[in-house]
Amino acid sequence: MKKTETKSLVLLRHHLKALKLPTMHEACEKIAQRCAADNADHLAFLLQLCELELIDRERRAANRRLKAAKFPTIKTLESFDFKAQPSVNKPLVLELMRCGYIDQRENLLLVGSTGTGKTHIATALGVEACARGKRVRFHKVIELVTQLIEAREQRQLARLKTQLSKLDLLILDELGYVPASKVGAELLFDVISTAYERTSVIVTTNLPFENWTEVLGSERLTGATLDRLTHRCHIIECNGESYRLKDAKRRRRRPGGREPRTGTDRP
Ligand code: ADP
Ligand code: MG
């Protein structure tokens with residue numbers, strides 16, 4: 001009897017592996033023992049195993065999506081201190097965390113000076129979208145523009161654009177720190193207009209709208225880009241002092257902390 005059990009277990013494991021059911025493969029013996037102890041019937045046993053496989057499969061897929069999104073650092077809202085940044089519309093951020101805007105193909109602009117939490121919020125929204133089954137990709141604008149130019153030179157542009165078109169959410173971080181070349185600005189505009197009403201876009205920028213021409217070059221291109229981005233768009237303003245700066249000052253004020261260095265201090 002014992003021998004048959006072992007044989008069927010070996011065969012079962014083999015089949016589960018062939019069927020690509022790793023969690024069932026891993027847990028079948030333990031769950032079988034538990035079900036036997038609980039007097040659970042065969043269907044209950046199978047149900048438990050299937051549930052475990054499904055939960056694990058979803059977790060694995062979420063991890064894959066998170067990896068594919070290529071966030072520079074993972075940030076969540078739990079670590080975001082809304083009190084430190086009162087200008088940020090908290091109810092709107094919480095609403096956006098539910099990802100309805102992605103289903104509606106709406107965009108989000110995070111506007112404000114440096115260090116005010118724009119990238120943090122954009123990343124937290126992206127991470128949540130991954131957990132909710134959305135395909136997300138985070139790009140620094142300057143890196144995406146370089147990638148687009150290179151892809152065009154290598155005749156790979158169509159391929160890159162196909163990849164982008166499969167996304168549910170495209171995050172474009174730091175529009176405005178470096179002006180794009182004419183070709184770069186046109187390629188970026190192309191990405192934004194292809195995404196229009198198909199893929200949600202989150203843009204973080206330190207530039208007020210009237211200064212976008214500095215990055216995109218022509219008035220015409222800036223107008224057309226803003227037109228697409230701001231149609232069906234949420235705007236979050238992050239104003240105030242840089243969190244990094246504030247945090248550094250706070251640390252140094254603590255007993256035992258160093259005094260903030262002044263411009264005349266030597267390192
Ligand atoms: P920005 O993109 O606006 O320049 P970041 O989002 O990169 O700013 O924020 C700079 C750093 O400060 C990051 O490490 C971020 O996690 C942190 N930070 C900014 N605002 C807050 C906040 N309100 N609560 C907690 N951490 C914050
Ligand atoms: Mg940033």
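Numbering of residues begins at 1 and proceeds along the displayed sequence.
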The single option from Phe80, Phe82, Phe71 passing ring-ring contact (aromatic ring centres under 6.0 Å, His included) against His120 = Phe80
State whether the number of non-hydrogen atoms from other residues, nucleotides or ligands found under 6.0 Å of Gln154 atom CD is greater than 12.
-> yes
Please check if Leu66 and Leu77 belong to a single hydrophobic cluster, counting links between Ile, Leu, Val, Met, Phe, Trp and Tyr side chain heavy atoms closer than 4.5 Å.
-> yes
Distance-only donor-acceptor check, side chains Asn107 and Ser200, under 3.5 Å | no
Do any N or O atoms from the side chain of Thr230 and from the backbone of Cys233 form a donor-acceptor pair under 3.5 angstrom?
-> no
Tell me, do Ile236 and Leu96 make a side-chain contact under 4.5 Å, heavy atoms counted?
-> yes
Arg220 CZ: over 12 foreign heavy atoms closer than 6.0 Å | no
Applying salt bridge (charged side-chain N to carboxylate O under 4.0 Å, His left out), run through Glu58 and Arg65 and close with a yes or a no.
-> CA-CA 10 Å; Glu58 183 43 45; Arg65 287 191 294 271; 3.0 Å; yes
Between the side chain of Ser79 and the main-chain N/O of Lys75, is any donor-acceptor distance below 3.5 Å?
-> no
Just list the side-chain donor-acceptor pairs under 3.5 Å for residues 15-23, sequence neighbours left out, or say none.
{"residue": "Thr23", "atom": "OG1", "partner": "Asp56", "partner atom": "OD2", "Å": "2.8"}
{"residue": "Thr23", "atom": "OG1", "partner": "Arg60", "partner atom": "NH1", "Å": "3.4"}

Tell me whether Leu226 is reachable from Leu110 by hopping between hydrophobic residues (I, L, V, M, F, W, Y) whose side-chain heavy atoms are closer than 4.5 Å.
-> no
Enter the distance from Ile192:CD1 to Asp227:CG here, rounded to the nearest 0.5 Å.
-> 12.0 Å
Heavy atoms of His25 and Cys28 approach each other most closely as O-SG, 3.7 Å
Straight-line distance of Thr119 OG1 to Asp173 CG, nearest 0.5 Å | 3.5 Å
Between atom CZ of Phe138 and atom OG1 of Thr73, what is the distance when rounded to the nearest 0.5 Å?
-> 7.5 Å
Minimal non-hydrogen separation, Ile171 against Ala122, with atom names = CD1-O, 3.5 Å
State yes or no: do Val203 and Val93 share one hydrophobic cluster built from I, L, V, M, F, W and Y residues joined by side-chain heavy-atom distances below 4.5 Å, directly or via other members?
-> no
Can you tell me how far the SG atom of Cys99 sits from the CD atom of Glu128, to the nearest 0.5 Å?
-> 5.5 Å
Kindly indicate whether the side chain of Glu29, heavy atoms from C-beta on, has any atom under 4.5 Å from the side chain of Leu9.
-> yes
How close do Gly112 and Lys118 get, heavy atom to heavy atom, and via which atoms?
-> O-NZ, 2.9 Å
If you look only at pairs with a residue in residues 187-212, which of them pass as a ring pair (Phe, Tyr, Trp, His ring centres under 6.0 Å), with sequence neighbours excluded?
-> Tyr196-His231, Phe209-Trp212
Between the side chain of Arg232 and the main-chain N/O of Gln104, is any donor-acceptor distance below 3.5 Å?
-> yes
Give a yes or no on whether Leu144 and Leu169 share a hydrophobic cluster (residues Ile, Leu, Val, Met, Phe, Trp, Tyr; joining criterion: side-chain heavy atoms under 4.5 Å apart).
-> no
Shortest non-hydrogen contact from Glu241 toward Thr116 | O-CG2, 4.0 Å
Under 3.5 Å donor-acceptor, Lys166 side chain and Lys161 backbone = no
Donor-acceptor contact below 3.5 Å, side chain Arg228 vs main chain Ala224 = yes
Partners meeting ring pair (Phe, Tyr, Trp, His ring centres under 6.0 Å) with His139 (sequence neighbours left out) | none
In short, Ala44 meets Asp41 closest at the heavy-atom pair N-OD1, 2.8 Å
Is there a donor-acceptor pair closer than 3.5 Å between any side-chain N or O of Thr76 and the backbone N or O of Ala124?
-> no
Closest non-hydrogen contact found for Leu207 with Asn211 is CD1-O, 3.6 Å
Got a second to check how far Thr204's OG1 is from Glu174's CD, nearest 0.5 Å?
-> 6.0 Å
Hey, does Lys134 have a side-chain heavy atom less than 4.5 Å from the side chain of Asp103?
-> yes
Phe45 with Leu12, same ILVMFWY side-chain cluster at under 4.5 Å = yes
Can you tell me how far CG of Leu109 sits from NE2 of His234, rounded to the nearest 0.5 angstrom?
-> 10.5 Å
